[in-house]
Participant: 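Right, I'll just put the structure down here and ask away after.
Side-chain atoms are counted along with the backbone in the values below, which use heavy atoms only and exclude waters and symmetry mates. Given the structure is predicted, the values throughout are model-derived calculations rather than measurements.
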Amino acid sequence: MALVLSLSISACSKNDDDNNVTDCELTTLISSEAYEDAPSDFLTINSLEINDNCLKINFSSGGCNGNTWEIKLIDSEEISESLPAQRNLRLSLKNEELCYAYVTKELTFDISNLRVNGNQVQLNITNFGGTILYEY
């Protein structure tokens, strides 16, 4: 519980001076290797929402309470040259919990490092089966 509390406290440090401090809980990893090789335990993405530079992902998976889950949002490093440009991402889950509960969590990821030329990029979330438009 102390870990969750410390994440929440550090997540409240929003700065409006546009110097890249956000109120997102986690960062987005850009790595083609991790995109291919990171764990892909079963999860269901229930919803996506963008607020400022944070992508809020609500997702569920089987487990005990989700406290031991390792979760990463990973970009493939590829940018499709279309209008708007597109990036491919996936939510990686490593889940070793052996319980029969169905746990739902909501996390926010800083997506400011996914910006491309222009003022928007389409984010294709492969294990969601949908897309979301990031405008900045």
Participant: To the nearest 0.5 angstrom, please state how far the CZ atom of Phe59 sits from the OG1 atom of Thr104.
Facilitator: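 Phe59 atom CZ to Thr104 atom OG1 measures 9.0 Å (nearest 0.5 Å).
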Participant: For the side chain of Ser92 and the backbone of Pro39, is there at least one donor-acceptor N/O pair under 3.5 Å apart?
Facilitator: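 Pair found, side chain donor or acceptor close to backbone of Pro39.
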Participant: So, Lys105 side chain and Gly66 main chain: donor-acceptor pair closer than 3.5 Å or not?
Facilitator: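 Checking the backbone N and O of Gly66 against the side chain of Lys105, a donor-acceptor pair under 3.5 Å is found.
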Participant: According to salt bridge (charged side-chain N to carboxylate O under 4.0 Å, His left out), does anything in residues 58-84 pair up with another residue at least two apart or in another chain? List the pairs.
Facilitator: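 Only Asp75-Arg87 qualify under salt bridge (charged side-chain N to carboxylate O under 4.0 Å, His left out).
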Participant: Between the main-chain N or O of Thr68 and the side-chain N or O of Glu97, is there a donor-acceptor pair closer than 3.5 Å?
Facilitator: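 Yes; judged by distance alone, with no hydrogens or angles, the pair exists.
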Participant: Within a strict 4.5 Å, meaning less than it, do heavy atoms of the Leu43 and Asp41 side chains meet?
Facilitator: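 No, their side chains stay 4.5 Å or more apart.
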Participant: Working note: Leu133 + Thr131, criterion side chain to side chain contact (heavy atoms under 4.5 Å, CB included); need CA distance, chi angles, decisive distance, verdict.
Facilitator: CA-CA 7 Å; Leu133 184 63; Thr131 65; over 6 Å; no
Participant: Compute whether any side-chain donor of one residue and acceptor of the other, for Asn53 and Asp110, lie under 3.5 angstrom apart.
Facilitator: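 Asn53 vs Asp110: no donor-acceptor pair found between side chains.
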Participant: Cluster question for you: counting only ILVMFWY and a side-chain heavy-atom cut-off of under 4.5 Å, with indirect links fine, are Tyr35 and Ile45 together?
Facilitator: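 Different clusters.
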Participant: Do any pairs count as a disulfide (SG to SG under 2.5 Å) and have a residue in residues 100-136, sequence neighbours left out, and if so which ones?
Facilitator: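 Disulfide (SG to SG under 2.5 Å) check on residues 100-136 returns no pairs.
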Participant: Measure the spacing between CD1 of Ile111 and CG of Leu26 and express it to the nearest 0.5 Å.
Facilitator: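 It comes to 13.0 Å.
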Participant: Indicate yes or no for a side-chain donor-acceptor contact from Ser80 to the backbone of Ser82 under 3.5 Å, with no hydrogens or angles considered.
Facilitator: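 No.
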Participant: Output every pair passing ring pair (Phe, Tyr, Trp, His ring centres under 6.0 Å) with a member in residues 113-134, not counting sequence neighbours, ordered by first then second residue.
Facilitator: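 Qualifying pairs: Tyr134-Tyr136.
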Participant: Start with the C-alpha gap between Asn95 and Phe42, add the side-chain angles, then the distance that decides, and say whether side chain to side chain contact (heavy atoms under 4.5 Å, CB included) holds.
Facilitator: CA-CA 8 Å; Asn95 179 1; Phe42 179 78; over 6 Å; no
Participant: Once rounded to the nearest 0.5 Å, what's the spacing between atom CD1 of Ile57 and atom CG of Leu55?
Facilitator: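 Result: 4.5 Å between the selected atoms.
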Participant: Of Asn124, Leu29, Thr28, which meets side chain to side chain contact (heavy atoms under 4.5 Å, CB included) against Leu89?
Facilitator: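 The option that passes is Thr28.
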Participant: Quick one: are Asn113 and Thr27 in side-chain contact, heavy atoms under 4.5 Å?
Facilitator: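 Answer no - side chains too far apart.
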Participant: Is a donor from one side chain sitting under 3.5 angstrom from an acceptor on the other, for Asn88 and Thr126?
Facilitator: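 Not at all, the side chains of Asn88 and Thr126 share no donor-acceptor pair under 3.5 Å.
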Participant: Report yes if the side chains of Ser60 and Val103 come closer than 4.5 Å at any heavy-atom pair, otherwise no.
Facilitator: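 Heavy-atom side-chain distance check fails, nothing below 4.5 Å.
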Participant: Going from CD on Glu36 to CZ on Arg90, what distance comes out if it is rounded to the nearest 0.5 angstrom?
Facilitator: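 So the CD of Glu36 and the CZ of Arg90 are separated by 7.5 Å.
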Participant: Run the side chain to side chain donor-acceptor pair (under 3.5 Å) test against Glu49 and tell me which residues pass, sequence neighbours left out.
Facilitator: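 If we apply the side chain to side chain donor-acceptor pair (under 3.5 Å) test to Glu49, skipping adjacent residues, the hits are Asn51.
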Participant: Quick one: closest heavy-atom pair of Ser31 and Ile74, and the distance?
Facilitator: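 For Ser31 versus Ile74, the nearest heavy atoms are O-CG2, 3.6 Å.
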Participant: Any sub-3.5 Å donor-acceptor pair from Thr108's side-chain atoms to Glu25's backbone N or O?
Facilitator: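 The answer is yes, because a donor-acceptor pair under 3.5 Å joins these two groups.
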Participant: Tell me the ring pair (Phe, Tyr, Trp, His ring centres under 6.0 Å) pairs involving residues 71-120, sequence neighbours left out?
Facilitator: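 Sorted result for residues 71-120: empty, none.
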Participant: Working to the nearest 0.5 angstrom, can you tell me the gap between Ile71 CD1 and Ser61 OG?
Facilitator: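 Taking CD1 in Ile71 and OG in Ser61, the distance rounds to 9.0 Å.
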Participant: Side chains of Asn46 and Asn58: do they bring a donor and an acceptor to under 3.5 Å?
Facilitator: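 Per modelled atom types, Asn46 and Asn58 side chains form a pair under 3.5 Å.
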Participant: Quick one: are Leu93 and Ser40 in side-chain contact, heavy atoms under 4.5 Å?
Facilitator: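 No, their side chains stay 4.5 Å or more apart.
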Participant: Any idea which heavy atoms bring Asp52 and Ile50 closest together, and the distance?
Facilitator: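 Minimum heavy-atom contact is O-CG2, 3.5 Å.
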Participant: Restricting to pairs with a member in residues 82-136, which pass disulfide (SG to SG under 2.5 Å), not counting sequence neighbours?
Facilitator: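 As it turns out, the disulfide (SG to SG under 2.5 Å) pairs with a partner in residues 82-136, which skip direct neighbours, are Cys64-Cys99.
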